[in-house]
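Remember, it's a predicted structure, so these values are computed and weren't measured experimentally. Note on naming: letters A, B, ... go to the chains in the order of the sequence lines (proteins, then strands), and numbering restarts at 1 for each one.
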There are 2 protein chains.
Amino acid sequence: MTISGHGSAAKSIVDELRNEIISGHLQSGERLGEMALAERFSVSRGPIREALRSLADAGLVSFAPNVGARVRRMTIEDARALYEVRAALESEAARLAASRASKDDARQLIDLLVNQEPVVRAHPHGAYLQGGGDTDFHAVISRLSDNRLITRLLFEELYPQLLLLRQQHQNVRGRGVEALHEHERIAEAISQGEPELAGMLMRRHIRESWTSLERQMASEGEG
Amino acid sequence: MTISGHGSAAKSIVDELRNEIISGHLQSGERLGEMALAERFSVSRGPIREALRSLADAGLVSFAPNVGARVRRMTIEDARALYEVRAALESEAARLAASRASKDDARQLIDLLVNQEPVVRAHPHGAYLQGGGDTDFHAVISRLSDNRLITRLLFEELYPQLLLLRQQHQNVRGRGVEALHEHERIAEAISQGEPELAGMLMRRHIRESWTSLERQMASEGEG
DNA sequence: ATTCAAAAGATTGTAAACAATCAAAGAGAA
DNA sequence: TTCTCTTTGATTGTTTACAATCTTTTGAAT
């Protein structure tokens with residue numbers, strides 16, 4: 001679960017390594033030797049081991065006993081499983097948000113989208129997810145769901161893996177305009193207190209996102 | 001994520017401690033000092049620290065920096081969040097199983113229930129979940145979903161926490177007969193290849209389970 | 001040239017000692 | 001008595017050293 005604790009040394013090391021993995025500075029499959037990292041961060045192997053375990057929990061690093069850690073390589077099967085779980089958790093979050101959100105909360109969600117609209121229209125195929133806009137939207141819904149477990153699973157396990165996936169298949173383009181439109185419909189359902197509809201729209205939204213990504217990953221194998 | 005690795009020492013320590021926590025031999029809130037555990041297992045503090053981190057990832061142990069680990073105390077809010085996530089993941093699993101399961105797989109699922117029926121009828125209020133029968137049913141659906149991430153989340157994070165919850169609120173009784181009947185309807189939907197129906201029935205099944213548990217936890221506060 | 005085996009090198013797993021932080025006990029004053 | 005400050009004790013965080021395992025290299029035999 002990784003509640004939070006984690007000796008302060010390991011914590012900052014985790015953050016740094018996560019950024020380097022997600023940004024592609026550390027390539028997929030690359031070995032993460034404990035001694036090498038210990039020297040790099042001017043620290044002993046203890047905190048390094050703890051940091052690597054934590055990254056493995058987040059799904060960014062893979063282990064082999066007596067062999068060590070490597071930057072995880074995401075297969076297309078991993079990606080499919082990831083999107084299926086994401087659909088389950090986010091549609092549940094949308095459902096709960098529609099049940100529990102106050103009028104004020106819902107209004108805040110809609111305002112967020114109104115502010116994002118001009119930005120998205122300026123970059124129709126922008127990396128919506130990575131840019132923060134998409135993250136904001138889903139983060140707000142996560143908060144409105146009032147379920148800390150869902151929020152933790154999404155932000156500490158699924159989203160990092162999604163970013164890693166994007167990093168490893170670089171030619172993925174966002175669906176900026178379409179996604180924004182789908183967001184608007186979801187926000188509307190939440191603000192009107194319709195859990196079933198909100199959940200269904202969110203599920204469809206994520207399925208569309210996966211369809212788009214899957215197509216790009218497939219064509220990647222050809223070219 | 002805790003792929004598997006984990007030095008062999010830590011692995012067995014994790015298993016032992018998990019059993020002791022779930023069985024109630026270690027009470028909730030009890031301190032888990034590193035030195036004490038190191039002596040108990042005749043091992044140094046290194047593997048102990050790794051084991052405790054792993055248990056924290058499973059949600060059985062809570063941390064405070066510079067203070068240490070304790071057996072996690074599950075609040076009613078934790079329980080609610082847990083059941084909401086469980087509903088999301090298991091209904092997704094049922095949905096996927098209905099989409100993907102072969103006729104043979106589905107038949108196997110129904111056979112499982114037929115075999116369990118006489119056992120459940122003999123103990124109508126038995127601890128279905130803990131006894132293995134319920135676990136078997138959900139495990140099979142998990143496998144039929146063909147999604148390793150769902151399976152891992154359920155068996156390494158959610159189910160252990162559910163068992164801990166049961167341990168801390170001891171007067172919970174199962175819904176043996178009703179649950180079995182609901183299982184039969186779910187299995188039927190899966191075998192007939194109806195994802196929407198299977199998902200909906202599973203969601204309802206888990207909601208009923210939660211309603212029953214919530215009522216018992218509430219009455220616990222009174223008596 | 002290829003394949004297998006054995007030894008050398010490198011890396012992870014574990015143990016033991018040191019440093020830093022926190023919690024509790026005790027003394028003193030209001 | 002109660003509150004606060006200080007000190008003491010205990011526990012976690014970190015480092016260093018040792019043991020076990022794996023990977024790679026080297027060599028010979030086919």
Output yes when a side-chain donor or acceptor of [X] lies under 3.5 Å from a complementary backbone atom of [Y], and no otherwise.
X       : Y       : result
R72(A)  : G59(A)  : yes
S212(B) : E208(B) : no
R73(B)  : S28(B)  : yes

**OP:** Within residues 34-41 of chain A, find the residues that approach DNA chain C with a heavy atom at under 4.0 Å, and present them sorted by residue number.
**Re:** E34(A), M35(A)
Original post:
Rounded to the nearest 0.5 Å, how far does CD of Q108(A) lie from NZ of K103(A)?
Top reply: 15.0 Å
Original post:
Going by distance alone, is a donor N or O of one side chain under 3.5 Å from an acceptor N or O of the other, for S12(B) and D15(B)?
Top reply: no
Nearest-Å distance, [atom1] ([X]) to [atom2] ([N])?
X      : N       : atom1 : atom2 : value
R49(B) : dG13(C) : CZ    : C1'   : 16 Å
K11(A) : dG13(D) : NZ    : C1'   : 16 Å
I48(A) : dT14(D) : CD1   : C1'   : 12 Å

Please list, pair by pair, any protein nitrogen or oxygen found under 3.5 Å from a nitrogen or oxygen in nucleotides 15-24 of chain C.
unit_1	atom_1	unit_2	atom_2	d
dA15(C)	OP2	S44(B)	N	2.8
dA15(C)	OP2	S44(B)	OG	3.2

Subject >> Contacts of Q168(A) that satisfy side-chain hydrogen bond (donor to acceptor under 3.5 Å, both in side chains) - sequence neighbours left out >> reply: none
**OP:** If the plane angle is over 60° it's perpendicular, under 30° parallel, otherwise tilted; pick one for H183(A) and H138(A).
**Re:** perpendicular
**OP:** Grab the two heavy atoms, one from L60(A) and one from R18(A), that are nearest each other, plus how far apart they are.
**Re:** CD1-CG, 3.7 Å
